[in-house]
2 protein chains.
Amino acid sequence: MTPRGRPRDTQVDERVLRIAAALIFERGYAGLSIDEVAEQAGVAKTTLYRRWPTKDHLAVAVVARLQADDEITDTGDIRADLVNYLEKIAAALNRMRAAGGREGPSAGVAGELVAAAARHEDIGRLAREQYARRNAMALALIERARVRGELRADLDAEVLFDQLAGALYYRVLITGAPVDRAYAERLVSSALEGSLTCPRS
Amino acid sequence: MTPRGRPRDTQVDERVLRIAAALIFERGYAGLSIDEVAEQAGVAKTTLYRRWPTKDHLAVAVVARLQADDEITDTGDIRADLVNYLEKIAAALNRMRAAGGREGPSAGVAGELVAAAARHEDIGRLAREQYARRNAMALALIERARVRGELRADLDAEVLFDQLAGALYYRVLITGAPVDRAYAERLVSSALEGSLTCPRS
DNA sequence: GCAATTACGCAACACAAGTTTCGTATTCGG
DNA sequence: CCGAATACGAAACTTGTGTTGCGTAATTGC
């Protein structure tokens, strides 16, 4: 079952992704030119399009390979675990936001990737699978804390994670406010402790 | 201090926005062509670019004019008020998501607008001003509830609103999950009541 | 070795966003 | 009425994405 025809040059993938990463982080998404990548990589444009059908796909591939697989830590202290996890997400978001050398509160490359997921069904599906994987890890963490009595029995874990992750994305993508460890701590405190004067009433 | 030269034809703005709205909601952002809008409106392309310097600006203008100014209701029941407010935000998001006739969990036009805000400093600034206005109204609502004793005195109002609005945006833009009134109720319950087994400990 | 299959490079092309140039049309201030 | 300032229309142009056609190279199955 070996593939029939001439095999692809695997060095091309490596070289192209490296060059594209340099361009996108130096000049931003708009500064990433397919023609320039092809020229710098010494390949024809058709060779690029054989691997990544659009510029969006190439950009997603570039960013995807930098995303360290966020491993989750379970120390038994749900508050600390959540803060650590959110800090990893925030770091990834800040990396993407910094791409392009912007200074202001721009969402940078992160905003373009959201649009890419909206434009192409396959990118959207891929992204949702990634988020589902992450979500499952976080839900498992929350579930363990619930079982051992740290969290309420009638907890809505899905909503809790939406609240935490959503607040980070909202600030980066929409309001442009900063996200750092201090914010993650405020966020977890607020979500865990609630807002009512007299809860469970 | 009347402007010097020939005045702009105000009918053009109206006609162009109407045509652009029809195109963007029927065929999505990619199906919005400047050339086609100009042709259908019976004006030259330069006339469009005099008013909206990029396609992104035109798209933002189209969507902005449909956004009903979300008025906030203060019934004295913070839970009900928050649910109502979130439902209005969700309705606006669902409208944008529906644009383009997609079916799947795509973010539709909403994703493109996020990218537009990331690409153009002025659009980003405008958007942040809008969100700041909305945020201020929500914060005032929360503050009143806090003063009358419904909410905790040491509440972090900024984070609370990020949690609520952020979860909605996160689902629409990132995970593609649905947002409706039932979800808004789960969200408010979770945020208000907290997650800890024994809060204030 | 030979046919089928796939990859590659090259060049031309289609298409849309955005720009430039230039001639003409309005409006205001004097 | 005249000149400055701005708007409009038409057309050519630039740039970048993405496509197509074709000749050539590499690999597999036979």
Side-chain angles (χ1 to χ4, degrees), chain A residues 1-17 19-20 23-24 26-62 100 109 112-113 115-116 118-123, chain B residues 1-17 19-20 23-24 26-62 100 109 112-113 115-116 118-123:
Chain A
M1 257 310 178
T2 48
R4 285 297 300 274
R6 172 177 176 174
R8 288 196 186 164
D9 185 346
T10 55
Q11 298 186 26
V12 168
D13 299 70
E14 174 71 28
R15 214 170 348 137
V16 166
L17 287 176
I19 292 168
L23 282 178
I24 208 171
E26 191 178 335
R27 306 187 202 161
Y29 183 88
L32 173 68
S33 158
I34 300 288
D35 287 293
E36 189 173 357
V37 172
E39 194 197 2
Q40 287 193 21
V43 298
K45 209 168 39 158
T46 44
T47 299
L48 261 68
Y49 277 105
R50 192 172 299 114
R51 291 165 168 76
W52 303 279
T54 73
K55 175 174 164 176
D56 282 339
H57 288 80
L58 175 57
V60 166
V62 165
V109 170
E112 300 284 356
L113 295 185
R119 281 191 282 257
H120 313 285
E121 207 49 59
D122 56 341
I123 292 181
Chain B
M1 256 309 177
T2 49
R4 282 298 298 271
R6 173 178 175 174
R8 289 196 185 164
D9 185 346
T10 55
Q11 297 184 26
V12 167
D13 299 70
E14 173 73 26
R15 214 168 349 137
V16 165
L17 287 176
I19 292 170
L23 283 177
I24 208 171
E26 190 178 335
R27 306 187 202 161
Y29 183 87
L32 174 68
S33 158
I34 300 288
D35 287 289
E36 189 172 359
V37 172
E39 194 197 2
Q40 287 193 22
V43 298
K45 212 166 38 157
T46 43
T47 299
L48 262 67
Y49 279 105
R50 192 172 300 113
R51 290 166 168 76
W52 303 279
T54 72
K55 175 175 164 176
D56 282 338
H57 288 80
L58 175 58
V60 167
V62 166
V109 171
E112 300 284 356
L113 296 185
R119 282 192 281 258
H120 312 285
E121 207 50 58
D122 56 341
I123 292 182

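Here is how names work: the chains are called A, B, and so on, in the same order as the sequence lines, proteins then strands, and each is numbered from 1. None of these values were measured; they are calculated from a predicted model.
Across the protein-nucleic acid pair, R50(A) atom CZ and dG9(C) atom P stand 8 Å apart, rounded to whole Å. Atom P of nucleotide dA10(D) and atom CG of L48(B) are separated by 13 Å, given to the nearest angstrom. Between the P atom of dA7(C) and the CG atom of D13(A) lies a distance of 11 Å, rounded to the nearest Å. Per the geometry, OH belonging to Y49(A) stands 17 Å off P belonging to dG21(D), to the nearest Å. Atoms CG (D9(B)) and C1' (dG9(D)) sit 13 Å apart, rounded to a whole Å. Nucleotide dC10(C) holds its C1' atom 13 Å from the CG atom of D35(A), rounded to whole Å. The distance between atom NZ of K55(B) and atom P of dT17(D), rounded to the nearest whole Å, is 15 Å. Separating the CD atom of Q11(B) from the P atom of dA7(D) is a distance of 17 Å, rounded to the nearest angstrom.
Taking 4.0 angstrom as the limit, T2(A) places a side-chain polar atom (N or O) nearer than this to OP1 or OP2 of dG29(D). OP1 or OP2 of dA7(C) has not a single side-chain nitrogen or oxygen of T47(A) nearer than 4.0 Å. The shortest distance between the side-chain N/O atoms of R51(B) and the OP1/OP2 oxygens of dC8(D) is below 4.0 Å.
Side-chain atoms of R8(A) stay outside donor-acceptor range of the base of dA7(C), with no qualifying N/O pair under 3.5 Å. Side-chain N/O atoms of R6(A) and base N/O atoms of dA25(D) include a donor-acceptor pair closer than 3.5 Å. Checked by distance alone, K45(B) brings a side-chain donor or acceptor within 3.5 Å of a matching partner on the base of dG18(C). Under 3.5 Å, the side chain of S33(A) and the base of dG16(D) form no donor-acceptor pair of N or O atoms.
V12(A) comes within contact range of no nucleotide atom at all, as no heavy-atom separation falls under 4.0 Å. Within 4.0 Å (heavy atoms only), T46(A) reaches at least one base atom of the nucleic acid. Using a 4.0 Å heavy-atom criterion, one finds that G31(A) contacts no nucleic acid atom at all.
Across all non-hydrogen atoms, the minimal contact from D9(B) to R51(B) is O-NH2, 3.1 Å. The two residues L17(A) and A61(A) have their closest heavy-atom pair at CD2-CB, 4.0 Å.
With rounding to the nearest 0.5 Å, the separation of CZ in R119(B) from OH in Y29(A) is 8.0 Å. One finds the CG atom of L23(B) at 8.0 Å from the OG atom of S33(B) (value rounded to the nearest 0.5 Å).
If you find the closest nucleotide of DNA chain C to R4(B) and to I34(B), the one lying nearer the 5' end belongs to I34(B).
Counting heavy atoms of neighbouring residues, nucleotides and ligands inside a 6.0 Å radius, atom CD of E39(B) does not exceed 12 of them.
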